[in-house]
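Computed over heavy atoms, backbone and side chain alike; hydrogens, waters and symmetry mates excluded. Everything quoted here is computed from the prediction, not taken from an experiment.
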Amino acid sequence: MTGEGDLASRWLGASVIAASDESFGEKENLLTPAPAAFEPGHYGNRGEIVDGWETRRRREAGHDWAIVRLGAPGIITSVDVDTSFFTGNYPQSASVEACGCEGYPRPTELADWETIVPRSALTGDSHNVFAVTSQRRFTHVRLSAYPDGGIARLRVHGDVVPDPRGLEHLTVDLASQEYGGCVVASSDDFYTAASALNRPDTARTMGEGWETQRRRDSGHDFAVLRLAFAGRIRRAIIDTAHFKYNASAAVALSGYTKEVEPGSPDWRPLLDRVRLQPDTRHVYDLAPADPVSYVRLDAFPDGGISRVRLIGTIDPAARRTAGYRWFNALPASQARQCLTDAGVPAEQATAVADQRPVSEQWLRRRVEAGSNQAVAILAGMLDTGAG
């Protein structure tokens with residue numbers, strides 16, 4: 001498994017906030033988590049019912065578009081423009097732009113769009129996957145369809161880059177996909193994948209958790225989670241919701257400061273083996289321990305678990321690393337906005353933003369030299385979030 005996820009997932013809170021037209025198929029269908037489905041011959045007031053976003057036939061110049069607010073801002077690595085079941089009515093081509101901004105802007109307030117997928121030909125009834133090379137952190141994407149037609153789904157794959165400002169004052173779910181936590185290994189994903197374990201939502205059915213096949217040997221199943229931030233875990237929540245007859249019988253947790261093999265002796269106990277009940281949310285307080293970056297969940301002997309929460313505080317060094325990663329990845333306009341919103345004069349904000357990527361050494365030298373207000377505020381933002 002990799003650390004990449006769908007930044008435009010509805011499970012993370014993504015939304016289609018505007019579209020040029022949705023005469024035949026609603027724009028919200030683009031982000032439906034399930035794969036597209038279609039039954040021909042079913043009609044409504046708008047025509048044949050489609051499972052996707054479909055616009056009317058254009059009789060004038062121009063093209064159609066839809067704007068998506070990402071559920072988790074991050075660095076985009078690829079985009080999947082899925083035209084499943086659209087055969088005679090898909091767009092000839094598409095392009096994708098992205099931008100980064102602060103707060104909750106209206107669609108008309110979004111600016112400084114950067115092309116991340118140039119206009120490219122599409123194939124009907126297919127997954128059209130385009131690689132993205134930009135290393136900027138984006139909050140919104142705009143999908144353009146030329147000239148019109150239907151697109152079933154839009155997936156925006158990438159790495160979450162959380163905004164760490166203020167998180168150092170909070171106790172958070174260190175494993176959550178919301179901040180970039182991910183499942184990097186599992187023993188078995190026979191029925192449903194372990195990647196669902198750290199989703200920030202609540203499972204609605206047994207199909208939205210992790211379920212393994214029935215074991216016929218003496219072993220047990222496991223999943224390894226890479227935390228969004230290294231930190232001290234204070235509480236573990238193990239939820240077997242909806243698993244009534246096939247929940248795991250017991251679990252144990254262990255952690256380590258770096259990625260190691262699941263069977264490594266380096267893993268340190270965090271929670272000794274405890275019994276689980278079916279369809280139950282279990283809460284366990286953990287003894288104080290050193291910060292960890294990875295957690296291994298052992299499930300005995302097999303079965304199902306819907307969610308895992310690892311509640312704790314972020315290690316200061318991890319908070320610092322996250323601050324530099326976040327600021328260096330921002331589009332230039334958003335980096336300037338962050339500084340000006342914090343009280344930095346516009347000219348100084350531009351000068352600092354233009355000197356990225358900044359490092360701890362770069363910042364330390366300027367602080368020691370008694371640099372201007374912009375450097376002092378930036379130091380607070382990157383190190384403690386106090387700027």
Side-chain angles (χ1 to χ4, degrees), residues 1-20 22 24-38 50-55 63-100 113-161 177 180 182-183 189 192-193 195-196 199 208:
M1 297 183 184
T2 68
E4 292 187 2
D6 181 8
L7 304 179
S9 169
R10 285 289 299 171
W11 292 323
L12 295 179
S15 176
V16 186
I17 60 175
S20 58
E22 47 185 333
F24 290 112
E26 297 176 346
K27 63 184 187 298
E28 286 78 14
N29 290 334
L30 281 171
L31 304 187
T32 300
F38 176 63
V50 298
D51 186 9
W53 170 53
E54 185 180 1
T55 66
H63 66 275
D64 288 311
W65 50 265
I67 297 175
V68 174
R69 184 190 66 242
L70 300 179
I75 297 173
I76 300 169
T77 55
S78 67
V79 175
D80 180 3
V81 181
D82 179 5
T83 57
S84 291
F85 302 106
F86 289 98
T87 53
N89 52 351
Y90 62 93
Q92 291 180 319
S93 58
S95 65
V96 182
E97 300 160 283
C99 69
W113 291 99
E114 176 183 329
T115 299
I116 59 173
V117 177
R119 183 169 175 174
S120 305
L122 296 181
T123 301
D125 196 22
S126 301
H127 288 270
N128 298 270
V129 180
F130 303 100
V132 175
T133 59
S134 175
Q135 293 300 300
R136 291 301 180 200
R137 173 191 185 268
F138 296 116
T139 58
H140 296 73
V141 297
R142 180 166 63 191
L143 169 67
S144 293
Y146 304 91
D148 53 41
I151 296 172
R153 299 287 187 267
L154 177 69
R155 306 299 189 214
V156 181
H157 301 292
D159 296 310
V160 176
V161 179
Q177 292 180 17
C182 63
V183 176
D189 292 331
T192 46
S195 57
R199 270 173 36 189
E208 292 188 357

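Between Cys99 and Trp113 the shortest side-chain heavy-atom distance falls below 4.5 Å. Counting heavy atoms from C-beta outward, Val50 and Phe86 have side chains that approach closer than 4.5 Å. Taking 4.5 Å as the limit, some side-chain heavy atom of Ser15 sits within range of a side-chain heavy atom of Arg10. Inter-residue side-chain proximity for Val160 and Gln177 is flagged as unmet; no heavy-atom pair is nearer than 4.5 Å. Counting only heavy atoms from C-beta outward, the side chains of Asp159 and Thr77 approach each other to under 4.5 Å. Using a 4.5 Å heavy-atom cutoff, the side chains of Leu31 and Val16 are in contact.
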Begin with the C-alpha distance, continue with both residues' side-chain angles, and end with the deciding distance and a verdict on side-chain hydrogen bond (donor to acceptor under 3.5 Å, both in side chains) for Ser20 and Asp64.
-> CA-CA 5 Å; Ser20 58; Asp64 288 311; 2.8 Å; yes

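Thr83 places a side-chain N or O within 3.5 Å of a backbone atom of Thr123 that can act as its donor or acceptor partner. Asn128 contributes a side-chain N or O that, together with a main-chain N or O of Ser126, makes up a donor-acceptor pair within less than 3.5 Å. Checking side-chain atoms of Glu22 against main-chain N and O of Glu28 turns up no donor-acceptor pair under 3.5 Å. Side-chain N or O atoms of Asp80 include none that pairs as donor or acceptor with a backbone N or O of His127 at under 3.5 Å. Side-chain atoms of Ser78 never come within 3.5 Å of backbone atoms of His157 as a donor-acceptor pair (strictly under, hydrogens ignored).
Counting heavy-atom neighbours within 6.0 Å of Gln92 CD, excluding the residue itself, gives a total of 12 or less.
In terms of heavy-atom proximity, Thr32 sits nearest to Arg155 at O-NH2, 2.8 Å. Closest approach of Glu114 and Ser134 over heavy atoms only: OE2-OG, 3.2 Å. Residues Ser120 and Phe130 approach most closely at CB-CE2, 3.5 Å, considering heavy atoms. Between Arg69 and Ile17, the closest heavy-atom pair is NH1-CG2, 3.7 Å. Contact detail for Glu97 and Ser144: the closest heavy-atom pair is OE1-OG, 4.2 Å. Pairing each heavy atom of Ser84 with each of Asp82, the nearest pair is OG-OD1, 2.6 Å.
One distance of note links CG of Asn89 with CZ of Phe24; it measures 9.0 Å at 0.5 Å rounding. To the nearest 0.5 Å, atom CG of residue Leu70 and atom OG of residue Ser9 are 11.0 Å apart. Atoms CG and CZ, on Asp51 and Phe38 in that order, are 9.5 Å from each other to the nearest 0.5 Å. To the nearest 0.5 angstrom, Tyr90 atom OH is 15.5 Å from Phe85 atom CZ.
Each of Val79, Ile76, Leu7 was compared with Val141 under the side-chain contact (heavy atoms from CB on, under 4.5 Å) criterion, and only Ile76 meets it. Results of the side-chain contact (heavy atoms from CB on, under 4.5 Å) test with Leu154 over Leu30, Asp6, Asn29 single out Leu30 as the only residue that passes.
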